[in-house]
**Q** 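Before anything else, here's the structure in question.
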Amino acid sequence: MTTAEIRVTLPDGSERRLPAGSTAGDLARAIGPGLAKAALAARVNGEVRDLARPLPDGASVAILTDKDPAALDVLRHSSAHVLATAVRQLFPHAKIGFGPAIEDGFYYDFEVPRPFTPEDLQAIEGKMAEVVAADHPFVREEVDRAAAKRRFVDDPLKLERIDDLASDEVISVYTDGPFVDLCRGPHLPGTGRVKHFKLLHAAGAYWRGDERRQMLQRIYGTAWFTKDDLEGYLRRLEEAKKRDHRLIGKALDLYSIQEDVGPGMIFWHPRGAMLNFQLRRFIEDIILARGYELVYTPHVTREQLFRRSGHLPLYAENQFPAMGAGEGEAEDVRYRVKPMNCPMHILVYASQQRSYRDLPIRLAEIANVYRNERSGTLHGMLRVRGLTMDDAHIFLREDQIEQEIFELLDIVELVMGKTFGLDYRLDLATRPAKKLGDDAMWDVAERGLEQALKRRGASYRLDQGGGAFYGPKIDIKFNDAIGREWQGATIQLDFQLPERFQLEYTGADNAPHRPVMIHRAIFGTIERFVGFLIEHFAGAFPLWLSPEQVRVLPIADAQLEAARGVAAALQAAGLRARVDERSETLNYRVRDGEVMKVPYLAVVGQREADAGTVAVRVRGAGKKQVVLPLAELVERLTEEVRTRSLVSSV
RNA sequence: GCCACCGUAGCUCAGUGGUAGAGCUCUCGAUUCGUAAUCGAGUGGUCGUCGGUUCAAAUCCGACCGGUGGCUCCA
């Protein structure tokens with residue numbers, strides 16, 4: 001039998017015949033010179049591969065150009081190799097780790113005697129340009145294990161990786177000019193295709209992400225197909241910096257962190273405190289209307305409570321150390337600040353006998369808890385040690401799980417989607433390998449979560465094995481305006497704590513039963529949520545949230561009394577308004593109001609004072625003002641607040 | 001916690017071995033102004049802390065505290 005020809009199917013469904021042994025690159029050339037020039041890689045039977053690899057007979061093949069998102073990953077991975085090529089030339093003794101493509105860029109890990117300096121990065125970037133100019137082809141070879149080990153005899157990290165490869169795995173190495181790497185690929189045809197890149201920063205990173213292993217030096221970079229894309233990306237990074245809640249938080253006097261008190265502890269200044277207060281009111285109104293009951297519980301407890309809950313051995317690392325026994329107390333009575341509220345709420349549940357008719361019982365508390373987070377993880381308001389959870393624990397029967405989750409998802413949508421207009425994603429995290437409780441229980445729980453998600457028509461990502469050891473959960477993640485992902489709300493089922501605390505309710509059969517418990521937070525924590533909102537709105541909060549809603553500006557002192565009257569009328573309607581009485585020019589005061597992101601500046605000159613109107617300047621709208629009778633302004637703004645509108649009503 | 005970098009007035013920053021600076025903020029005075037910074041004057045810092053080197057340290061070295069970017073961990 002001769003196999004002089006192979007047939008492949010193109011994305012448009014057409015078939016092409018090629019000589020046996022033809023590569024994807026050959027196919028591109030056969031189709032046309034334009035495509036041959038633009039071709040970067042190929043998708044063969046769904047898998048992205050090098051152009052230089054021979055095509056199997058009967059394959060469906062798509063030639064990838066820079067228009068294809070998958071090609072970006074190939075570019076970035078190849079950029080990582082270019083980086084390593086350059087580093088090896090400048091630092092011949094650098095041991096190489098991993099160098100993958102990541103979102104928006106790539107990195108490569110090196111083991112070097114001393115960390116890279118900013119000057120090193122510059123030199124490396126220069127050397128990379130030479131590697132690109134040389135346009136070394138990326139050459140793939142498949143080798144056996146022994147050959148691979150010989151190739152990387154001087155690279156212990158690669159040797160370790162080889163040892164971890166499954167016995168049936170194909171081992172491939174890629175060469176570009178002087179550099180050889182153990183790598184699955186795929187790559188661009190040559191280093192010359194890496195044109196628009198920039199090294200961003202260097203940082204330490206544990207080998208294989210394991211903090212017990214040595215720390216490697218990681219270099220991060222970004223790479224794009226066009227100059228515009230690269231510049232656009234760098235511009236976005238700059239924009240992101242301007243939205244940083246730590247900068248805006250300072251500029252708008254929202255909060256501070258004081259070294260005297262300690263890292264990760266938020267001081268809510270009056271303006272920030274108003275955001276906090278409004279969010280509390282908002283969420284409390286919502287949950288009180290949905291059958292929740294508020295509780296308040298102590299911040300400090302005998303240590304034994306967390307021993308019983310099982311937290312202490314596991315969670316001690318994240319708890320502040322115990323406080324000693326008080327005067328006259330037994331030596332062994334030690335106290336802990338609480339890092340979470342669940343055991344407290346459980347004690348409220350357990351304080352009396354419960355009937356199946358009472359369930360679900362929903363105990364909510366917006367509570368401050370303290371967690372001794374590792375110092376390196378702290379980050380503005382987004383990661384703190386003193387945190388305010390909008391916490392609740394729901395005690396319910398197994399048959400109520402689906403409906404309760406359904407209602408929780410409804411609250412999430414009401415808050416995140418309807419009120420703030422946020423895009424968020426749902427992750428369903430299922431049973432991990434190390435788990436407590438029998439499979440039947442997990443089946444019920446996971447099915448309940450899944451059914452609820454389906455019933456809501458919500459799209460969600462399955463995080464197989466990502467659940468907590470005590471139960472599956474739904475995590476709500478959202479992207480901020482600049483694309484970073486955060487975890488906010490979380491809905492966790494728990495079979496463990498009811499067990500440990502021997503919780504019971506009396507069923508219709510007059511026998512004791514064990515309830516299931518749901519831990520849930522909608523904002524997650526007020527700190528993180530406010531930090532996120534600051535960045536999302538870049539400090540320009542919707543009216544209902546704005547710490548200062550209206551600033552009244554008399555044009556001159558002659559209108560001071562009229563301005564005070566306007567402010568008083570607004571205040572009487574429940575709006576947060578004040579008069580800027582400073583003896584500064586109008587320009588100065590307008591600028592200050594804009595800089596402070598006050599939604600409305602109500603200018604009162606003689607014309608307005610005489611007519612009983614105000615000239616309203618809308619935040620961000622520039623000179624374009626709207627003159628309204630005072631009563632109408634009050635009406636519009638109170639309505640804007642009532643509806644929690646995201647757009648101006650003026 | 002680990003790696004690197006950073007820490008000067010309330011804020012943003014200049015000052016690299018020889019007597020601590022600017023702008024803004026704040027206070028006072030003048031100005032009373034029609035939509036993004038009016039003019040003048042003044043207050044304000046043992047240069048993160050402690051120790052070391054030096055005739056001399058904001059500047060060089062060390063430790064600690066705090067911050068930034070990553071890693072690990074996580075709401």
**Q** Produce the list of close N/O pairs, under 3.5 Å, pairing protein atoms with atoms of nucleotides 23-27 of chain B; give distances to one decimal.
**A**
| residue | atom | partner | partner atom | Å |
| --- | --- | --- | --- | --- |
| B:rU25 | OP1 | A:Y588 | OH | 2.6 |

**Q** Indicate, yes or no, whether a donor-acceptor pair under 3.5 Å links the base of B:rA36 to the side chain of A:R617.
**A** yes
**Q** Now, which nucleotide makes the Watson-Crick or G-U wobble pair with B:rU68, with each of the two distances under 3.5 Å?
**A**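 Base-paired to B:rA4.
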**Q** Answer with base, sugar-phosphate or nothing: what part of the nucleic acid does A:Q258 contact at a heavy-atom distance below 4.0 Å?
**A** nothing
**Q** Both distances below 3.5 Å, Watson-Crick or wobble geometry, any strand: find the nucleotide opposite B:rU31.
**A** none
**Q** Could you let me know what B:rG17 is paired to, Watson-Crick or G-U wobble, both distances under 3.5 Å, or none if it's on its own?
**A**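 Check on B:rG17: unpaired, no WC or wobble geometry under 3.5 Å.
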**Q** Please tell me if the side chains of A:E581 and A:R564 come closer than 4.5 Å, counting only heavy atoms from C-beta onward.
**A**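 Contact flag for A:E581/A:R564 side chains = yes.
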**Q** List the steps and the verdict of side-chain contact (heavy atoms from CB on, under 4.5 Å) for A:E284 and A:Y292.
**A** CA-CA 9 Å; A:E284 284 180 348; A:Y292 285 72; over 6 Å; no
**Q** Counting N and O atoms only, with roles assigned by atom type, does the side chain of A:R636 sit under 3.5 Å from a partner on the main chain of A:S649, one being a donor and the other an acceptor?
**A**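 A pair under 3.5 Å: yes.
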**Q** With a 6.0 Å cut-off on ring centres, are A:F532 and A:F420 close enough?
**A**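 No, they do not, as the ring centres are separated by 6.0 Å or more.
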**Q** Listed by chain and number, what are the ring-ring contact (aromatic ring centres under 6.0 Å, His included) partners of A:H201, not counting sequence neighbours?
**A** A:Y220
**Q** Apply side chain to side chain donor-acceptor pair (under 3.5 Å) to A:W207 and list each qualifying residue two or more places apart in sequence or on a separate chain.
**A** A:E160
**Q** With both distances under 3.5 Å as the test, what is the Watson-Crick or G-U wobble partner of B:rA63?
**A**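 For B:rA63, the partner nucleotide comes out as B:rU49, under the 3.5 Å rule.
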**Q** Anything under 3.5 Å between a protein N or O and an N or O of nucleotides 58-65 of chain B, put it in a table, one pair a line.
**A**
| residue | atom | partner | partner atom | Å |
| --- | --- | --- | --- | --- |
| B:rC65 | O2' | A:E259 | OE2 | 2.9 |

**Q** What heavy-atom pair brings A:R88 and A:K95 nearest, and what distance separates the two atoms?
**A** NH2-CA, 4.2 Å
**Q** Mark yes or no for whether A:E594, through its side chain, and A:G620, through its backbone, hold a donor-acceptor pair below 3.5 Å.
**A** yes
**Q** When every nucleotide of nucleotides 70-75 of chain B is labelled 5' to 3' by its protein contacts under 4.0 Å (heavy atoms), B for base, S for sugar-phosphate only, - for none, what sequence of letters results?
**A** BBBBBB
**Q** Can you give me the closest heavy-atom contact between A:L449 and A:K473, atom names plus distance?
**A** CD1-N, 3.9 Å
**Q** Contact class for A:D557 (heavy atom, under 4.0 Å): base, sugar-phosphate, or nothing?
**A** base
**Q** Which one is paired to B:rA58, where only Watson-Crick or G-U wobble pairs with both distances under 3.5 angstrom count?
**A**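 The base-pairing partner of B:rA58, which may sit in any strand shown, does not exist here.
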**Q** Can you measure A:D592 atom CG to B:rU38 atom P for me and round it to whole angstrom units?
**A**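 Atom CG in A:D592 sits about 11 Å away from atom P in B:rU38.
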**Q** Taking only distance into account, with no hydrogens and no angle test, what donor-acceptor pairs under 3.5 Å do side-chain atoms of residues 254-262 of chain A form with protein atoms, sequence neighbours excluded?
**A**
| residue | atom | partner | partner atom | Å |
| --- | --- | --- | --- | --- |
| A:S256 | OG | A:Q258 | NE2 | 2.9 |
| A:S256 | OG | A:H269 | NE2 | 2.7 |

**Q** Considering Watson-Crick and G-U wobble pairs with both distances under 3.5 Å, what does B:rA9 pair with?
**A** none
**Q** Taking the nucleotide of RNA chain B with the nearest heavy atom to each, does A:L247 or A:Q606 sit closer to the 5' end?
**A** A:L247
**Q** Expressed as a whole number of angstroms, how long is the span from A:K250:NZ to B:rU68:C1'?
**A** 12 Å
**Q** Using the C1' atom as the reference point in each nucleotide, state the distance between B:rU32 and B:rG21 in Å, no decimals.
**A** 35 Å
**Q** I'd like to know if the side chain of A:E527 and the backbone of A:T388 have a donor-acceptor N/O pair within less than 3.5 Å.
**A**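 A pair under 3.5 Å: yes.
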**Q** Tell me, yes or no, whether the heavy-atom count around A:R114 atom CZ, taken from other residues, nucleotides or ligands under 6.0 Å, exceeds 12.
**A** yes
